[in-house]
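Chain A is the first sequence line, chain B the second, and so forth, proteins listed ahead of strands; every chain is numbered from 1.
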Amino acid sequence: MPELPEVETVVRGLQPVMTGQTIAKVDVRRPDLRIPIPKDFARRLEGQQVAQVRRRAKYVLIELASGDTALAHLGMSGRIFIEPQNPEPPGKHDHIVFTMADGTQIRLNDPRRFGLVEIDRTDALDQHRFFVHLGPDPTGNGFNGPALAAALKGKKCAIKAALLDQRVVAGLGNIYISEALFESGISPKRLAGAVQGSRAEKLASAVQQVLARAIAAGGSSLRDYVQPSGELGYFQHQWAVYGREGEACPGCDCDIARTGGVQRIVQASRSTFYCSRRQR
DNA sequence: CGGCAAACCTGCGAGC
DNA sequence: TGCTCGCAGGTTTGCC
């Protein structure tokens, strides 16, 4: 489920319960995620103090005072829950349980097990195989119109497929790509290399705007980013086109009977939603 | 190298 | 009610 805004919301929810606290125990209940959990994962975390919790692309980073950083990717179905002291026993898909020194538990739950965790030296993270190929984070300074245009230059695939490529921009996923293309008025079928100049400017700012709105929704609709269930990172979404096949396009007042409203097509074997009248 | 399908897994909703 | 089918927010791999 999680794209960049959901991961950001998870991170903001973890910060108050982990920052400055000591991890008392790490229980790896199922090690066979997409990549097997490293054998020394629990040992390197237990007894260590958390210096900070942050995000890179769709990865959650838990930086320890020891100089190690644990990283987690939630894949398609990964979730993180915060449980108060004396919680219910862990469920079927709670693969990792972190218990903090004050008794608070953090659980990584992932039915499909497409997620992964890893631990590495903090000063070597930039060279880590997961990070070395990542493009700029769309919420950071390195992402803007000219940078996006340069990354897209010469690319022969559709713009939709190019934006799925984490080397171009790191953190976008299937949903927010549809949303950003809609916001910018660019057709998902447009040749990626043809998105240059003012079109690239427009797309870059649409990406920033769509993500900022989603992150704001994550923080505003919940108390401290935590739902009553203890779940982090999921909130009431308000997508303009994603999942709205056949509905009226919210951007134009066209006649649905004639235009078909929001269209669903398949690109790179993923669904894309768009308005063929508004997006060119 | 580029582009695409398949693979990794489980759960859920729709339709019969 | 219960079964089967199709689909799902990510990423890697292998094939042409």
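Taking a pair as Watson-Crick or G-U wobble with both distances under 3.5 Å, the runs of three or more consecutive pairs in DNA chain C are B:2-8 with C:10-16, B:10-16 with C:2-8.
Taking 4.0 angstrom as the limit, His93(A) places none of its side-chain polar atoms (N or O) nearer than this to OP1 or OP2 of dT10(B). At the phosphate of dT11(C), neither OP1 nor OP2 sits under 4.0 Å from any side-chain N or O atom of His133(A). Of the side-chain N and O atoms in Ser271(A), one or more sit less than 4.0 angstrom from OP1 or OP2 of dA8(C). Residue Gln166(A) places no side-chain N or O under 4.0 Å from the OP1 or OP2 atom of dG10(C). Under 4.0 angstrom from either OP1 or OP2 of dG10(C) there lies at least one side-chain N or O belonging to Lys58(A). When the side-chain nitrogen and oxygen atoms of Arg113(A) are compared with OP1 and OP2 of dT10(B), one or more of them lie within a distance under 4.0 Å. Contact check, Lys92(A) against dT10(B): no side-chain N or O comes under 4.0 Å of OP1 or OP2. Phosphate proximity of dA8(C) to Arg112(A): absent, as no side-chain N or O sits under 4.0 Å from OP1 or OP2.
Aromatic ring orientation, His128(A) versus Phe130(A): tilted (interplanar angle from 30° to 60°).
Closest-nucleotide positions on DNA chain B for Ala268(A) and Arg167(A) were compared, and the one nearer the 5' end corresponds to Arg167(A).
Under a cutoff of 6.0 Å and an axis angle of 45°, Arg278(A) and Phe182(A) form a cation-pi pair.
Proximity of the aromatic rings of Phe131(A) and Tyr59(A) is defined here by a centroid distance below 6.0 angstrom, and this criterion is met.
The number of heavy-atom neighbours closer than 6.0 Å to CZ of Arg113(A), taken from other residues, nucleotides and ligands shown, is above 12.
No donor-acceptor distance shorter than 3.5 angstrom exists from the side chain of Arg43(A) to the backbone of Lys39(A), with no hydrogens or angles considered.
For DNA chain B, no neighbouring residue in residues 30-38 of chain A is found when judged by any heavy atom under 4.0 Å.
Glu183(A) meets the side chain to side chain donor-acceptor pair (under 3.5 Å) test with Arg213(A); sequence neighbours excluded.
The residue Tyr176(A) sits apart from the nucleic acid: no heavy atom pair falls under 4.0 Å.
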